[in-house]
Amino acid sequence: MNTVGRIKQGFYFDSVTLMRVGRELSGAPGVVDASVVMATEANKSILDMSGLLIPEFKKTGDQDLLIVVKAKDAASAKDALAKAEELLSRKKKPAAEDGAQAPAPRDIPSAAAALPGANLALISVAGRYAAREARKALDAGLHVMLFSDNVSIEDEVALKKAAHKKGLLVMGPDCGTSIINGVPLAFANVVPRGPIGVVGASGTGTQEVTCIVANEGSGISQAIGTGGRDVKDAVGGISFLDAMQALADDPETKVIVLVSKPPQPAVLKKVYSLIRKTKKPVVALFLGEGGMPATLEQAAHLAVAQVKGVDPVKAMDRLTKRDAILMDEAHALIAKRRKAKGRYLRGLFSGGTFCAEAQVVLDGILRQMTSNAPLGDTRKLKNAWKPEKNALVDLGEDEFTVGRAHPMIDFTLRKKMILDEAANPETAVILLDVVLGHGANLDPAAELVPVIRKASKQVFVVAGVTGTIGDPQNRARVVEALREAGAHVQLTNAAACKLAGFLTAKIVRKNR
Amino acid sequence: MSIQSLFTTPLRVVNVGIESFKDVCDQISPPAVQVDWRPPVDVSPESETILARRAAKIEKANQKVMEIILAGTPKLVGLDVARNVIPGMTEDTILHAGPPITWDRMCGPMRGGVMAGLVYEGRAATIEEAEQLAASGTIQYAPCHEHGAVGPMAGIVTPSMPVWIIHNEKYGNFAYCTLNEGLGKVLRYGAFGDEVTQRLKWMETVLYPVLKAAVAHTGPIDLKNLIAQALHMGDEVHNRNRAGTSLLYRAIAPAIVATCDNTGNAIAVLNFINSNDHFFLNLSMPACKATLDAARNVKGSSIAVVMARNGTDFGIQLAGTGDLWFTAPADVPDALYFAGFSKDDANPDIGDSAITETGGLGGFAIAAAPAIVQFVGGVASDALRYTRQMYEITAGESRMYQIPALDFRGTPTGIDVRKVVEKNLVPVIDTGVAHKKAGVGQVGAGLVNAPMAPFAQAYDALAKILK
């Protein structure tokens with residue numbers, strides 16, 4: 001027989017807990033008898049009578065906790081003592097909480113502690129506080145999506161370096177869209193899961209690509225936003241490259257799509273070097289750089305062709321054929337209208353990447369393009385509020401958003417500009433983007449229908465709807481409502497741009 | 001963690017900011033958690049940077065401090081007269097509650113207490129004389145906290161007053177506190193006059209010797225153990241001390257009977273304790289003081305070792321900032337007022353009793369005291385909420401003091417000034433409220449928030465030291 005004991009100081013347990021632990025110990029393998037008690041005189045005399053009062057216990061006092069085990073052999077005794085320690089130190093869980101009365105956690109580490117398996121912090125507080133929150137999240141071992149903008153470039157670099165070291169991902173700052181494990185984060189659409197992974201330095205660009213992929217019958221493994229600044233030399237593409245590598249390593253991802261404005265040279269070099277190392281097909285769209293793919297739409301179609309084993313040439317042919325149909329449609333629409341006024345296109349965009357894609361698509365269809373966010377040969381608008389010539393205006397630029405919600409949420413400004421431009425004798429066609437999905441305005445039709453109804457009496461209104469049938473806005477109903485109000489609706493921005501461009505060009509020719 | 005592993009585990013989102021983002025995550029990949037975020041307190045960005053950079057050092061220091069606080073063993077070892085045992089106590093010294101203060105800035109109840117003390121000491125025959133002497137510059141005022149002592153409300157300690165002696169056996173330091181006078185016209189609320197003086201004299205000549213002999217007879221009484229039990233019996237040992245007083249009574253009543261030859265005195269002493277539910281407060285406070293004082297002067301620590309109020313200012317001290325006080329005006333408590341009184345009658349927050357919150361008791365343990373939930377909104381769940389919230393600003397949990405209603409979770413212990421500032425969440429203090437006029441007494445009780453300013457100052461000061 002082995003009787004062994006342990007004395008613990010500075011712990012307090014109620015007698016019920018001690019009895020429970022004692023009972024569990026007595027039932028342990030090889031244990032003949034066991035006791036866990038406070039070392040009061042009364043308890044010690046009980047131990048003495050049961051033959052459990054080992055010599056070391058004699059000089060203990062009221063505040064000491066005694067653990068004693070009598071076992072068949074030394075190993076069982078040792079195991080039982082270890083078990084006692086474990087039972088006593090078992091972390092006490094907070095009482096089952098009724099959600100209403102449990103106070104909400106006050107910061108990310110507390111929240112992470114309260115949420116088993118927490119792995120990502122989605123941060124959208126004001127920019128000046130966002131970096132601090134991101135730092136806390138990284139310290140707590142969480143990946144970060146920083147929706148907030150106005151985070152300094154120094155903070156961005158520091159956060160991304162720290163994250164990279166820890167094997168964590170920082171998406172953003174100013175990252176509007178990601179889809180992780182099928183969960184749309186911030187502004188994102190409801191798309192099925194599938195084999196196509198996206199790395200996007202442009203939020204609306206990522207939305208458009210993921211939507212087209214879904215609408216073409218494929219799906220998204222992961223869509224990782226990085227924030228637009230990531231691909232600048234100052235940041236060095238830390239998140240962009242980490243995300244590419246992660247998708248390259250991800251067995252669910254079969255094709256990788258890159259969506260960005262052209263990265264700065266040093267970053268571009270690294271991106272190309274990683275593309276070469278990757279065994280998976282990579283469709284890289286650096287919007288405005290030219291080449292193939294040149295548009296979000298082409299990129300999405302090429303990716304889907306890759307996973308479906310369709311010849312990319314055939315996939316592009318399909319788009320060319322679609323363009324011919326749009327050309328015929330423009331012709332028919334103009335023929336139907338007795339008189340078409342004006343000579344210019346006015347694009348009023350809520351998504352910056354759509355404004356950029358419009359410039360790429362319309363290059364070659366229209367001349368004299370202007371924009372407040374010009375690309376390539378497009379002329380910079382002197383005053384964003386006063387569109388000139390074939391103007392493509394990004395209403396998400398700073399001059400419009402100071403003190404106002406993003407145009408994807410708040411339509412007030414765009415509605416006013418639609419009416420003003422429709423009344424402008426120069427205007428022939430108004431081109432709009434309508435973005436659906438989580439985060440976007442939940443009833444864009446209700447906002448736009450009255451102004452489109454009015455405007456479409458004076459000019460052609462063309463709208464590109466970015467969304468899927470799964471989006472919370474009910475895409476079919478939105479499209480139907482816009483059409484009923486007089487808009488010509490396409491389901492990609494590129495198609496809408498083409499139609500608007502063809503219409504404008506034909507009107508100019510007709511009125512010449 | 002790796003980015004890869006993110007793809008292979010369910011997404012669990014902690015959302016900070018726009019709440020609709022959380023709702024989407026909650027629908028598709030539940031559960032998601034929303035942080036109750038608010039902008040942090042305005043401290044210098046430089047301090048923030050320094051404290052972030054020094055986080056590892058601070059953590060290490062805090063671990064040391066927490067070990068000292070959690071392992072402390074405050075024991076009642078005896079009684080003596082203040083002048084004999086309180087370090088630095090001279091015949092002209094009067095100790096008071098809270099951070100340092102001069103006569104001209106003292107509030108009504110504290111002035112009243114000082115005057116009552118001078119009359120009690122025989123330094124003045126009348127209150128007018130006492131007032132003159134008090135203002136003359138002869139009397140040296142000092143915080144109890146700077147002399148190893150604590151005092152409830154005005155916290156006045158004069159040289160002849162009997163005090164409890166608490167020994168932190170594990171770390172060897174001592175703490176002192178006067179004996180609780182009970183209710184009615186009492187010095188700690190600034191009352192003066194014959195009734196007050198007579199009671200103080202009775203305490204000195206009857207209560208003190210009887211208790212002294214009794215404690216000598218029992219030997220050291222483990223206060224940590226008594227407090228732990230009191231928490232299980234519905235006390236939080238700041239605003240409710242009924243269980244603690246009963247436990248103490250059980251511990252010393254036999255010794256009083258055994259040691260007191262004068263039956264009349266024994267009866268009087270036992271009745272005095274029995275009739276005062278707050279008798280144990282003057283032991284729970286120095287027990288916390290003895291525990292926390294051992295953790296002073298640990299370089300780099302951001303844990304508070306003192307929160308105290310003098311009725312004019314609220315002050316705190318940190319383990320890592322030495323003897324510096326960080327103070328701001330004390331607020332008038334927005335508490336529950338007794339019939340016939342209102343906030344207009346209340347004195348700004350006063351007393352060293354916030355040492356209990358500093359030690360993880362009082363308001364921090366309010367969930368253990370359902371009997372007094374009327375002070376915190378009337379329902380037990382409010383008390384639970386307050387205690388739970390304090391886990392947000394503390395560095396650890398007591399190994400000894402537990403909350404039955406939270407499945408015996410240890411009380412939130414060790415206020416980390418960084419968490420207070422960065423989460424913009426101040427400690428709650430479960431306190432009594434004094435009338436602003438000297439001597440009227442208690443007019444209310446309830447939960448009050450500590451002001452943020454002292455914590456923000458302490459944050460900046462710690463950064464300066466760690467620079």
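Numbers restart at 1 for each chain; the letters A, B, ... are given by sequence-line order, proteins then strands. Both backbone and side-chain heavy atoms feed into the values below; hydrogens, waters and symmetry mates do not.
Proximity to chain B (any heavy atom under 4.5 Å) is shown, for A:P472, by neither the backbone nor the side chain. Within the 4.5 angstrom heavy-atom criterion, no atom of B:P404 approaches chain A. Contacts between A:D139 and chain B at a heavy-atom distance below 4.5 Å are absent for every atom of the residue. Residue B:Q34 touches chain A through its backbone alone, counting heavy-atom pairs closer than 4.5 Å.
Distance check, rounded to the nearest 0.5 Å: CD of A:E133 to CD of B:E422 gives 9.0 Å. Note: A:D107 CG to B:K419 NZ = 8.0 Å, rounded to the nearest 0.5 Å.
What you find for B:V13 and A:L185 is that their closest heavy atoms are CG2-CD2, 4.2 Å. Between A:P251 and B:Q4, the shortest heavy-atom distance links the atoms CD-NE2, 4.1 Å. Scanning all heavy atoms of the two residues, the minimum distance from B:E392 to A:S110 falls at OE1-OG, 2.5 Å. Nearest heavy atom pair, residue B:I3 against residue A:H143, reads CA-CE1, 3.8 Å.
Formation of a donor-acceptor pair under 3.5 Å by the A:S124 side chain with backbone atoms of B:I18 is found in this model. The backbone N or O of B:L6 lies less than 3.5 Å from a partner atom in the side chain of A:N181, making a donor-acceptor pair. When atom types are taken as modelled, the side chain of A:N119 and the backbone of B:R12 share a donor-acceptor pair closer than 3.5 angstrom. Here the side chain of A:R106 pairs a donor or acceptor atom with the backbone of B:K423 at under 3.5 angstrom.
Within 6.0 Å of NZ in B:K64 there are 12 or fewer heavy atoms belonging to other residues, nucleotides or ligands. At most 12 heavy atoms of other shown residues, nucleotides or ligands fall within 6.0 angstrom of atom CZ in A:R128. Summarising the local packing, NE2 of A:H406 is surrounded by more than 12 heavy atoms from other residues, nucleotides or ligands at distances under 6.0 Å.
Counting heavy-atom pairs closer than 4.5 Å to chain A, the top-ranked of the candidates B:C25, B:P31, B:S20, B:P40 is B:P40. Each of B:L11, B:N15, B:V33 has some count of heavy-atom pairs under 4.5 Å with chain A, and the biggest count is that of B:L11. Residue with the most contacts toward chain B among A:A246, A:P105, A:A137: A:P105 (heavy-atom pairs, distance under 4.5 Å).
Proximity of B:F7 to A:T253: side-chain heavy atoms (C-beta onward) are nowhere separated by under 4.5 Å.
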Side chain to side chain contact (heavy atoms under 4.5 Å, CB included) between A:L120 and B:V14, intermediate numbers included: CA-CA 6 Å; A:L120 185 138; B:V14 171; over 6 Å; no
